[in-house]
Protein chains: 2
Amino acid sequence: MTKIKEKRAAAACSLPLNQILAGDCVEIMNSLPEGSVDLIFADPPYNLQLRGDLLRPDNSRVDAVDDEWDQFAGYAAYDQLTRDWLAAARRLLKPNGAIWVIGSYHNIFRVGAELQNQGFWIMNDVIWRKSNPMPNFRGKRLTNAHETLIWAAKSENSKYTFNYEALKSLNEGVQMRSDWVIPICNGGERLKDDQGDKAHPTQKPEALLHRVLVGTTNPGDVVLDPFFGTGTTGAVAKMLGRDFIGIEREESYRKVAEKRLSRIRRFDSEAIATTKAKRAEPRVPFGQVVERGMLRPGEELFSIGSRHKAKVRADGSLIGNDVKGSIHQVGAALEGAPSCNGWTYWHFRREGKMIPIDILRQQIRAEMEGEVSRPS
Amino acid sequence: MTKIKEKRAAAACSLPLNQILAGDCVEIMNSLPEGSVDLIFADPPYNLQLRGDLLRPDNSRVDAVDDEWDQFAGYAAYDQLTRDWLAAARRLLKPNGAIWVIGSYHNIFRVGAELQNQGFWIMNDVIWRKSNPMPNFRGKRLTNAHETLIWAAKSENSKYTFNYEALKSLNEGVQMRSDWVIPICNGGERLKDDQGDKAHPTQKPEALLHRVLVGTTNPGDVVLDPFFGTGTTGAVAKMLGRDFIGIEREESYRKVAEKRLSRIRRFDSEAIATTKAKRAEPRVPFGQVVERGMLRPGEELFSIGSRHKAKVRADGSLIGNDVKGSIHQVGAALEGAPSCNGWTYWHFRREGKMIPIDILRQQIRAEMEGEVSRPS
DNA sequence: TCGTCGCTTGAATCCTAGC
DNA sequence: AGCTAGGATTCAAGCGACG
């Protein structure tokens, strides 16, 4: 055993494994031995900068993330925190270690730039596509339906861990992509406090951590989470036979996490549970047919026997006989029927022949083959 | 017309619309009139950290050594380029203008942070999820199956354009999410040079620009693309009846783009028109319903299920359960809600049926349209 | 036991014309 | 510029009540 390896083995022995450390993550990370951690997973505050209340159309109030820990004086203050905790994290990592950070557009660009500035080497950015996001209630922006994760090695030369085959098998034999469809954490998995309210405003789903840890750590690795919260990282690490170190400032979160972790049992080594992605026929909006130029705005569609016709508009709606709306709505209106399947009702003309538009939907679906993970 | 408006109208007249300008985008943008552009779509170079091969805007090469220190020099040079073109873009935008930038993990974090630093206000980050990405051949990372776009208004107070209904219509009646599934540009859409090779390495699909322009511009808007390439932005703008300005340094790209644009035809105006937002419809005071005798003073209105009722008064106010006020105020008071849309809340009785009063507003609006629209 | 219906909820930078 | 009032705005899941 070389001197360096001896040193690391000693360091590892002195690590407070499988515990939750109380306090400020920068101070605590700086008190742990240098170069001793395999992977860091971090879910830092997002600096959401929310203004007033937000009401749903039914006048109920959205429970906002207005906690003290997400309040910052401005970008400068947020950047200072980011620099500090990333530097401490970098010091802790083994040379071949890696880091994951999750965030939203409020903070992720600043975090990503600082990762690069400190010499981390980005492997991928990964999109967590939420199958059930909260909608945009006022119709003023797009539904914020994803969050972004950055996966980066400690340096360009790091021999990082990447379990290609494991991820491929998680994805039904197809190479894992950089966009992951996973539901938000709710239902039985969502931890509640004694009053029955959610114990933490931003608990992450275990499925997300499952994929991260299966893909970029090995059993026995040390995984550190500096913003531990209610301990999703620790819970999944324990199930998967990885050691964890959690750091959390808030006592209430630590208590919930301790209780949670005490109930977790490690999977037996053979039975590494794989989250099966469900297959479903993806819904194809007619608008995609227009966007992709398969039909042009202004082009005419015909019902069977050409009894009715309608014109395609740029936003994927139809206009026919003064009726505007979706392919289904306009078909139903023209037929005086309560409903209508526009995909089979409407036809377009090519070289004198009438072709059902459903052909175009089938083409789009064929192109989407190979996407495996989808909302159920 | 105010002085400011005059100035802008003059500026618009002097804009080189529907042309491709040759040269460095920063210089050219700075030569155009301030506050004259509605939307900027930018696909800046990604050539970052490819072992230091970084080109300055004037095409000179940044000297690179492959040690770690130089990485920072590489980032610094790229950041300088980003600051320069974003500042020039910001100057060009109208106060209510907006910008889209597309990039990958190599550059998008630096661009996003700089956007925020300059005072742009991010509305959404949008994921272009490629339905047919290039696989990762060596199995060393995840398949890089997406790119990131940032949509930002010029400032927090900008009244940006967002065609919510049009995008919802493109998505078949469900509000548009921040993740967009669109195939990469290939097949017939992919432009080839005389040798049959692809004319541009990163030609963007027209479907992507279609969604961007339908969603965040109106017909007649001025759309500028400072990294025009082979002109996808211009092509889609022309089809959709928007004016464009392209800036491109490379003559070979300009030539391909000119040829492409000359073949594009604008869709007819009926096809370009998109679904209108309700907010855009003229306001109808409830008093008009009473004045026109559609409802009589003294007539009773009912909430759904007849849980509450109120009486119409001659001045167009309601009185119910001792509360007097507008249809909205009385509805809100009776429900104990902070607000209420009286048009959808209240119903009147005709032949035993409950009919929402919004029907009456629609009748008035239809009559108003008849007054306004004349044969042209 | 099973399906249906209604209620609740989720990291959200969520209104605007007119006075 | 600040205030007031009109009135526009939601998707997917989970869970409990109910028949």
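First the proteins, then the strands, lettered A, B, ... as listed; each starts at 1.
Within the 4.5 Å cutoff, no side-chain heavy atoms of Arg361(B) are placed close to those of Val289(B).
Scanning both residues, Phe109(B) and Ile108(A), for their nearest heavy atoms gives CD2-O, 3.7 Å. Minimum heavy-atom separation, Thr230(A) to Ala199(A): CG2-CB, 4.4 Å.
For Phe137(A) and dA11(C), the CZ to C1' distance is 13 Å, given to the nearest whole Å. For Tyr75(A) and dT13(C), the OH to C1' distance is 9 Å, given to the nearest whole Å.
You'll find the ring centres of His200(A) and Tyr253(A) inside the 6.0 Å limit. You'll find the ring centres of Trp128(A) and Trp180(A) outside the 6.0 Å limit.
Phosphate contact (OP1/OP2 of dG6(D), side-chain N/O of Ser326(B), threshold under 4.0 Å): present. Taking only side-chain nitrogens and oxygens, Tyr46(A) never comes nearer than 4.0 Å to OP1 or OP2 of dT13(C). Contact check, Lys198(A) against dG10(C): a side-chain N or O comes under 4.0 Å of OP1 or OP2. The side chain of Arg61(A) contributes no N or O atom lying less than 4.0 Å from OP1 or OP2 of dT8(C). An OP1 or OP2 oxygen of dG7(D) is reached within less than 4.0 angstrom by a side-chain nitrogen or oxygen of Arg283(B).
Contact annotation for Pro44(A): base contact, defined as any heavy-atom pair under 4.0 Å involving a base atom.
dC15(D) sits 23 Å from dA11(C) when the C1' atoms are compared, rounded to a whole Å. Distance check on atom P: dT8(C) versus dT9(D) gives 23 Å, rounded to whole Å. Distance check on atom C1': dG7(D) versus dC14(C) gives 15 Å, rounded to whole Å.
Comparing Lys159(B) and Asn144(A), the nucleotide of DNA chain C nearest to each residue sits closer to the 5' end for Asn144(A).
Regarding the sugar-base torsion, dT13(C) falls in the syn class, its angle being within 90° of 0.
In terms of polar N and O atoms assigned as donor or acceptor, the side chain of Lys204(A) comes within less than 3.5 Å of the base of dA11(C) in a complementary pairing. At a cut-off of 3.5 angstrom, the base of dA8(D) holds at least one donor-acceptor pair with the side chain of Ser339(B). The base of dG10(C) sits within donor-acceptor range of the side chain of Arg56(A), with an N or O pair under 3.5 Å.
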